[in-house]
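Heavy-atom basis, side chains included; hydrogens, waters and symmetry copies ignored.
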Amino acid sequence: MALLSQNDTVEDYLFEAYLDSVKHIYGLLKAVNFKDVGKENATCFATEKGLKVTVEDSKCVQASAFIQKEMFQRYSLNDEQVAFKVNLSVLVECLNIFGGTATALKMCYQGYGYPLTMLLEEGGVITDCSIRTLEPEEILDFNFSAESVLNKIILRSECLKEVFAELDSSSDLIEILLSPDPPYFRITTSGIAGDTKVDIPKNSDMIETFQCTTVATSRYKLSHVKPSAKSLAISQKVSIRTDDRGLLCFQYMIPADNHTCFIEYCFSRKMTERIEQRYCIKFCQKLGDSQSQTIRKIQQVFGEDAMGVNKLRSDSTDSKMAAHQRRVSSVVAGPKLLGVQLLLRGSVQKTRHVDSDQLALASRQRPTHSSQLIHTFLAKHGITTVCQPPYSPDLAPCDFWLFPKLKIPLKGSRFESREEIMWNAMTELNTIPKEDFQRVVRSSKFRHVYGSALKREQCYDNIRVSKSSWDSTFCAVNPKFLAIIVESAGGGAFIVLPLSKVGRIAADHPLVGGHKGPVLDIAWCPHNDNVIASGSEDCVVKVWQIPDSGISRTLTEPVVDLLYHQRRVGLVLWHPTAQNVLLTAGSDNQVAVWNVGTGEVLVHIDCHPDIVYSASWNWDGSQLLTTCKDKKMRLIDPRTGTVQEEAVCHEGSKATRAIFLKSGLIFTTGFSKMSERQYSLRAPEHLSEPIVMVELDTSNGVMFPLYDPDTNLVYLCGKGDSVIRYFEITAEPPFVHYINTFQTPDPQRGIGMMPKRGCDVNSCEITRFYRLNNSGLCQVITMTVPRKSELFQEDLYPDTAGDQAATSAEEWIAGKDAEPLLISLREGYVPSTQKSDLKVSRRSNVLDKMPPKGSRGGSGGTGVSGGGATVQLPDKFLEEFHEEIRKLKAVIVKHETRIRALEARLSAAPAAGHTGGEEEGRVGDGLGVGQPPRGSSSESLNNTHTSPPVALSQELAPDEV
């Protein structure tokens with residue numbers, strides 16, 4: 001590459017290294033970058049063995065990444081050891097400046113006082129980065145020698161990852177027990193919901209090596225240990241070691257092509273014990289103990305682990321200055337303090353244990369465990385699994401709401417007997433009005449919605465679903481057709497099927513294949529069920545017209561090509577109320593709003609610094625909501641492109657989604673910093689303050705929120721998930737109410753949601769999903785509200801959005817907002833009979849200069865058949881058009897008169913050399929003009945055709961208009 005051709009000599013630098021791909025070094029450094037922004041200085045050591053990057057926190061946590069010398073294509077060192085300190089976050093961001101894995105790196109360091117220079121190259125583009133270096137400080141030496149190690153376990157990374165997923169994140173401490181006898185290896189956390197214990201026996205399949213000589217129990221801060229879990233995603237094995245000093249070490253083995261790298265996390269329990277001792281100092285001061293008494297008790301309880309006398313005196317003095325002036329009158333003796341301390345250091349066992357030779361899991365009030373390890377154990381022992389949804393008030397006991405109503409009035413009262421307690425409790429219960437008892441259970445007609453999958457012969461099979469990694473649903477459906485993005489050679493394509501064409505689809509079924517690159521997103525027009533738009537990697541947006549009977553041959557000619565974006569187009573979205581208004585977003589960070597009827601861009605929005613993940617119109621299409629790769633969501637005026645409000649959507653780096661609800665609220669999905677999937681509910685003007693923020697699970701798939709505005713239900717469908725969760729949005733806390741989960745055995749590749757006008761009202765079907773599996777099956781799932789009556793259910797089917805546009809594109813861009821036109825489903829959905837084919841009218845130069853009345857800056861159009869607007873032209877131009885037409889008509893009349901006179905004269909003129917009996921020699925030319933017979937002389941030919949009479953010659957002269 002070009003980096004190897006740099007002219008700098010090796011002697012110019014103390015340290016120089018070259019790497020043809022930053023993929024592995026970027027992953028290693030990102031795994032040890034666990035500190036807060038602005039505090040992530042790392043010490044780099046370059047030795048003959050390779051490069052070591054170390055990060056410390058509070059002198060009790062140390063993370064190191066070891067990069068072997070063999071990983072570099074060129075590695076030179078002009079000193080025994082080179083050390084310097086850099087900002088690790090800046091270094092990681094520089095390595096990912098191109099965002100790809102094919103980036104080459106050349107790293108140089110000239111010496112003390114010089115910056116760290118990095119040259120990065122990808123695709124022939126070279127970027128030069130200089131990072132300021134600092135003088136290295138002395139770091140802790142944990143020195144895990146083989147002689148000091150008491151216990152050592154080597155297990156697979158997937159096992160430890162599942163264990164970390166089961167721990168209670170509300171706990172402050174984590175306790176690790178290693179023993180040569182059962183329970184062998186135990187990890188315990190204690191949080192709000194109780195204690196959680198995970199026991200792994202030494203003969204488990206997950207453990208490769210188990211060396212334990214003595215019982216060792218140590219506690220560490222969970223906030224220190226949990227960041228080490230970031231390394232589990234890229235490692236194969238992990239080694240857990242403890243020594244006689246109470247130190248803990250996690251060493252991760254990470255494969256890198258043909259080499260092996262290591263990440264090591266070391267933890268000290270001194271910080272944890274110091275925190276406990278500070279709590280004891282404050283407790284003793286509350287009891288009125290003197291400083292010397294406090295020191296003696298601390299030394300008696302903690303023994304050799306107690307802090308030094310000077311440190312205890314300092315902390316005692318600081319605590320006295322910050323303590324409240326009120327003192328506890330009673331003095332607790334030394335033995336009682338020790339008893340309290342033992343209770344503080346112990347844990348109240350409130351767990352339910354599962355006894356097994358292979359696994360023992362204890363957890364209280366937690367959702368059903370979804371790890372493969374737990375599923376294997378439950379299946380092996382034939383235990384029935386009851387799916388427990390996330391937190392919801394509906395899951396509480398029916399009398400749970402009574403506790404605060406009794407606790408508050410009776411708080412602080414003392415009773416002599418059980419009968420007195422019962423009498424006072426009944427007195428308070430009798431004061432509760434009857435209406436409060438009636439509101440115990442939340443009233444909702446959608447609490448019992450259930451999903452059911454149709455039989456395979458009623459679904460669509462043998463579909464080659466696209467394997468693109470783009471985060472898209474790959475499916476779009478309306479009451480007429482089902483469209484699915486498929487794999488296609490020689491470009492991108494998608495298949496369009498009539499809903500009635502179920503069963504196995506032929507391998508050679510016609511496709512819609514006019515794109516030169518893979519199709520990334522498709523969307524049906526809400527106002528014309530035969531029109532669909534598609535975006536592709538070829539940077540082109542195409543709009544297609546599908547016949548009512550479907551396609552009988554491969555369709556390659558679209559109605560219109562929309563050319564604007566410079567990079568791939570991954571998002572297409574129709575306006576909910578305006579006719580032929582389409583929004584597109586590409587990887588060039590640009591958003592365009594089109595008038596498809598004229599093929600022109602109405603508005604271009606350039607306010608996103610990175611790729612746009614999703615976009616959503618509000619109910620009347622007057623506002624636009626987008627999410628971006630920079631983790632922010634933006635509320636935008638779609639007519640001007642100005643940002644009205646922005647805020648951080650979710651803190652995770654993965655894709656986020658946001659949708660407008662009918663009420664104007666905003667529902668979002670995304671990831672936390674720890675890659676936990678979340679959903680939130682927000683209000684405009686307060687985007688940075690979520691009304692609800694709930695963590696669901698730790699899966700990696702992007703969640704797509706599908707919204708039904710008629711029922712106010714939100715369905716969460718994750719890519720790669722086998723479940724569909726659905727929630728109801730109400731105005732009552734907690735606002736987002738969990739209803740149920742539909743579960744299937746196969747993971748989903750994509751999904752499409754049928755509009756309400758396509759649902760079966762006779763069977764109380766409120767939603768229908770078309771779910772794509774990796775096996776090529778498009779599974780049809782119906783969501784139904786159980787009702788006994790066969791009559792039309794008005795409460796389930798309010799008037800819904802129809803297929804008629806409320807405004808035209810010209811009216812919308814001029815500032816007119818209108819809510820969707822609603823239709824009733826009492827008699828079922830009846831398609832509009834006024835629909836016609838989509839026709840695109842490319843505007844002429846004259847029309848481009850004449851904006852329609854009431855529009856902005858020439859953004860109007862000539863309209864589209866079936867709902868487009870008519871251009872209103874000024875009277876001046878209309879008069880000019882009438883005058884032009886009148887002149888053209890006069891010219892036509894003159895020519896017609898001249899032609900008739902010519903025909904009459906030629907018919908009356910005698911033909912030379914012609915006799916009355918030689919009719920067979922005359923050949924007609926269709927105009928009554930005779931041709932000379934064969935064999936006539938040239939003279940007669942010339943007299944007939946080249947020498948017309950003078951009057952006829954004058955008649956043939958051109959006419960000047």
Side-chain angles (χ1 to χ4, degrees), residues 457-468 472-538 540-562 569 572 574 580 582 596-597 599 749-755 757-758 768 770 772 776-778 780 803 829 831-833 835-840 864-866:
E457 54 267 20
Q458 296 175 303
C459 301
Y460 308 84
D461 202 356
N462 195 32
I463 298 176
R464 297 172 299 168
V465 183
S466 173
K467 298 180 181 179
S468 173
S472 174
T473 57
F474 297 142
C475 181
V477 64
N478 65 19
K480 281 188 179 181
F481 300 106
L482 169 66
I484 302 173
I485 302 176
V486 297
E487 285 290 311
S488 176
F494 59 95
I495 189 172
V496 176
L497 302 171
L499 292 185
S500 59
K501 190 177 179 61
V502 296
R504 187 175 181 84
I505 307 301
D508 58 349
H509 190 279
L511 305 176
V512 181
H515 285 285
K516 298 180 181 179
V519 178
L520 301 180
D521 196 18
I522 51 178
W524 289 103
C525 178
H527 309 126
N528 193 334
D529 289 339
N530 295 80
V531 176
I532 186 172
S534 59
S536 169
E537 286 192 2
D538 60 5
V540 181
V541 178
K542 295 179 181 288
V543 181
W544 311 83
Q545 179 87 28
I546 308 298
D548 287 334
S549 59
I551 56 177
S552 57
R553 59 184 179 85
T554 298
L555 186 61
T556 58
E557 293 297 330
V559 178
V560 61
D561 287 335
L562 305 179
V569 181
V572 291
W574 292 92
N580 298 325
L582 177 67
V596 178
R749 179 73 180 156
I751 196 166
M753 181 178 179
M754 173 69 76
R757 50 194 174 91
R768 189 187 309 160
Y770 291 78
L772 306 180
L777 174 68
C778 178
V780 183
D803 58 352
Y829 168 63
S832 175
T833 59
K835 295 294 179 183
S836 60
D837 293 344
L838 175 66
K839 296 180 180 179
V840 179
V864 179
S865 176

For [X] against [Y], the heavy-atom pair lying closest together:
X	Y	result
L482	C778	CD2-SG, 3.9 Å
V502	Q458	CG1-O, 3.6 Å
L511	S488	CD1-OG, 4.4 Å
A476	A523	CB-CA, 4.5 Å
L562	V560	CD2-CG2, 3.9 Å
E487	V465	CG-O, 3.7 Å

Spacing of [X] atom [atom1] and [Y] atom [atom2] [to the nearest 0.5 Å]:
X	Y	atom1	atom2	answer
I522	I532	CD1	CD1	4.5 Å
C475	M753	SG	CE	12.5 Å
R768	M754	CZ	CE	4.5 Å
I505	I495	CD1	CD1	6.0 Å
H515	D561	NE2	CG	8.0 Å
S534	D521	OG	CG	9.0 Å

Check for a donor-acceptor pair, side chain of [X] on one end and backbone N or O of [Y] on the other, with a separation under 3.5 Å.
X	Y	answer
N530	Q545	no
T473	G752	no
N462	R504	no
N580	V596	no
R757	P479	no
S466	I485	no
R749	G776	no

Handout entry: Other residues, nucleotides, ligands: >12 heavy atoms within 6.0 Å of E557 CD
Key =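 Atom CD in E557 is not crowded, with 12 or fewer foreign heavy atoms closer than 6.0 Å.
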
Exercise for the section: Start with the C-alpha distance between K542 and V512, add both sets of side-chain angles, then the distance that settles side chain to side chain contact (heavy atoms under 4.5 Å, CB included), and finish with yes or no. Expected result: CA-CA 11 Å; K542 295 179 181 288; V512 181; over 6 Å; no

Side chains of [X] and [Y]: closer than 4.5 Å at any heavy-atom pair?
X	Y	value
L555	I546	yes
V569	L520	no
C459	V780	yes

Practice task
Flag the pair K480 and D803 as a salt bridge only when some basic side-chain nitrogen lies within less than 4.0 angstrom of an acidic carboxylate oxygen.
Solution key: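 A salt bridge is absent here (no side-chain N lies under 4.0 Å from a carboxylate O).
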
Problem - Among F494, W574, F481, ring-ring contact (aromatic ring centres under 6.0 Å, His included) partner for W524 - result: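 That would be F481; it is the only one of F494, W574, F481 passing the ring-ring contact (aromatic ring centres under 6.0 Å, His included) with W524.
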
Practice task
Over 60° means perpendicular and under 30° means parallel, so classify the ring planes of Y770 and Y460, tilted if in between.
Solution key: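 Plane angle between 30° and 60°, so tilted.
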
